[in-house]
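Comments concern the structure below.
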2 protein chains.
Amino acid sequence: MDRPPIWLRPERAARGPRPAHSRDEIAAAAVRVADAEGLAAVSMRRVATELGTGTTSLYRYVDGKDELFDLMVDRAMGDGRPPVPTGNWRVDLAAVAHAQRAIMLRHPWLVRLPATRPVLGPNTLAWLEATYAAVDVPGLDADEVLAQAATLLTFVRGHALEELTEREAGSTMADWLTKQSQRYAEQVIGSGVYPHLSRMMIEAETPHAADRFDRLFARSLEHVLTGLAAGRG
Amino acid sequence: MDRPPIWLRPERAARGPRPAHSRDEIAAAAVRVADAEGLAAVSMRRVATELGTGTTSLYRYVDGKDELFDLMVDRAMGDGRPPVPTGNWRVDLAAVAHAQRAIMLRHPWLVRLPATRPVLGPNTLAWLEATYAAVDVPGLDADEVLAQAATLLTFVRGHALEELTEREAGSTMADWLTKQSQRYAEQVIGSGVYPHLSRMMIEAETPHAADRFDRLFARSLEHVLTGLAAGRG
DNA sequence: AGTTTACTGCGCACGCTGTTCGCAGTACGG
DNA sequence: CCGTACTGCGAACAGCGTGCGCAGTAAACT
């Protein structure tokens, strides 16, 4: 039986007893676990326990773990509200980008979710809407709007993923190479096979700065926005 | 005991019997399974069976499943070679972007891997090197090189993720909304809460084109490259 | 050459996972 | 007030990652 996506199913059935929990309650519990102990700690049993309910009761609310993830994503996306538009597209897009990045940094598991299908919950749609709104101006055709929005969101997500990966690896890749396994760094540099990579490892200052990720993000974001500017009138 | 990363450990020990398999053999087997049956099918047992060996023998080669993933990533990255430089940074960067995207589309599981730490295998480093090489010119400071390379790679990965997600969801999000659950689409459009999103769903042509992803990628890539151009002399 | 040493292959076992099934209890529609 | 469509959930199943310990083997040292 092909059940419709969760966003189409009514939260409360017409007949039968009142469900003991709401979807948002479930999502909140799962997000709480993921935030505190990582995505791996989010199991059906664990979330059920967190709610004080039986494990298999969860399946009354959710079609399987994938749908639980869907709920989590949309809940996390509701953690911040899209910024109010100023009318200046560049300012608005930058605001969206920073706000999205903030959400992803606050919920590190978010960018690591399998992502096997688009999540179309209300909060996710709201962000999509805000992004389109910032990009959209009369005269710009819809395809260009799609492309620009995709460019930005895609960039933010990719950056957040890379950032979190490096953050959690304990430090910068350069640091990782030089400190935690200096021999490997020496090998890489000494091999002469990676001259440009070597130059980065030696010369770059950003990797050593405390706020490196913030600065790198801001800098890269400027690049992207400048690129987008060229695609508009 | 804190074992060093796999790239630092010798493949063959000084003493003891000759290992029955090579790392690359193992990586190839795992990649084969993932390509054919998806990431979920890649289990230690399954890969071991594929190699005709005992399950726990794998742990002689690999510290755990995470390291198996590391091997898979680097193997996949070796599936294509970085394009030969032309000297024109924009052409070279575009070539890197397209080649990277091709790899990710060929191995859909690649962008879905947990990515809890950077992979530093030889093939991955080669791609990093190629990217830096394309961006790097005398006079450009190392931080700017890092930022530009990060922008590009990050964008490519993010785009590939989104693309694969939508591809595997069966169709475009717009299609998904309108076909597979028309009621939801009507609800979304009819609610009036998402005006710009609605306009995209109605007006955009790209979502209906067969080569939509190729065109969207090319278009977005141009935006990014244009943005990068501004950061150079 | 013989002994020591450090490895390899791997069966067993443990605790955990997602999910199916079936049954008892409940609240609403007619 | 009954039938019906739901809810909660315990039991069970197949599969997972992985630690442990033991037998076998090849290189190093004496």
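Lettering of chains follows the sequences in order, A, B, ..., and the numbering in each one begins at 1.
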For [X], all residues meeting side-chain contact (heavy atoms from CB on, under 4.5 Å), sequence neighbours excluded:
| X | result |
| --- | --- |
| A/Ala130 | A/Pro82 |
| B/Ser57 | B/Thr53 |
| B/Arg81 | B/Asn123 |
| B/Pro114 | B/Phe69, B/Thr116 |

Separation of [N] [atom2] from [X] [atom1] (nearest whole Å):
| X | N | atom1 | atom2 | value |
| --- | --- | --- | --- | --- |
| B/Leu58 | D/dG17 | CG | P | 10 Å |
| B/Leu51 | C/dT8 | CG | P | 15 Å |
| B/Glu11 | C/dT8 | CD | P | 11 Å |

What is the per-nucleotide protein-contact pattern of nucleotides 20-30 of chain C, from the 5' end, where B denotes a base atom under 4.0 Å from a protein heavy atom, S denotes such proximity for sugar-phosphate atoms only, and - denotes neither? B-B--BBSBS-
Between B/Thr124 and B/Leu120, is there a donor-acceptor pair closer than 3.5 Å when you use the side chain of the first and the backbone of the second?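 Looks like no, no N/O pair under 3.5 Å.
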Could you tell me whether the phosphate oxygens of [N], OP1 or OP2, come under 4.0 Å of any side-chain nitrogen or oxygen in [X]?
| X | N | answer |
| --- | --- | --- |
| A/Tyr61 | D/dG8 | yes |
| B/Thr55 | C/dG11 | no |
| A/Ser57 | D/dC9 | yes |

Tell me every residue that passes ring pair (Phe, Tyr, Trp, His ring centres under 6.0 Å) with [X], counting only those two or more places apart in sequence or in another chain.
| X | result |
| --- | --- |
| A/His21 | none |
| B/His98 | B/Phe217 |
| A/His196 | none |

Quick one: on DNA chain C, does B/Ala13 or B/Gly54 contact a more 5' nucleotide (nearest heavy atom)?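 The residue whose closest nucleotide sits nearer the 5' end is B/Ala13.
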Mind running a 4.0 Å heavy-atom check of residues 35-47 of chain B against DNA chain C and sending the residues that fall below it, in number order?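 None - not one residue of the stretch has a heavy atom sitting under 4.0 Å from the strand.
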Any residue of residues 64-71 of chain A with a heavy atom less than 4.0 Å from an atom of DNA chain D: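 Nucleic-acid contacts, sorted: none.
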For a quick check under 3.5 Å, do B/Trp7 and B/Asp70 share a side-chain donor-acceptor pair by atom type?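 Side-chain D/A pair, B/Trp7 to B/Asp70: absent.
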Listing, residues 152-160 of chain B side-chain donor-acceptor contacts under 3.5 Å, not counting sequence neighbours, or none:
from	atom 1	to	atom 2	distance (Å)
B/Thr154	OG1	B/Ala150	O	3.1
B/Arg157	NH2	B/Val111	O	3.4

side-chain hydrogen bond (donor to acceptor under 3.5 Å, both in side chains) with B/Glu67: which residues, sequence neighbours excluded?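 Listed in chain order: B/Arg9.
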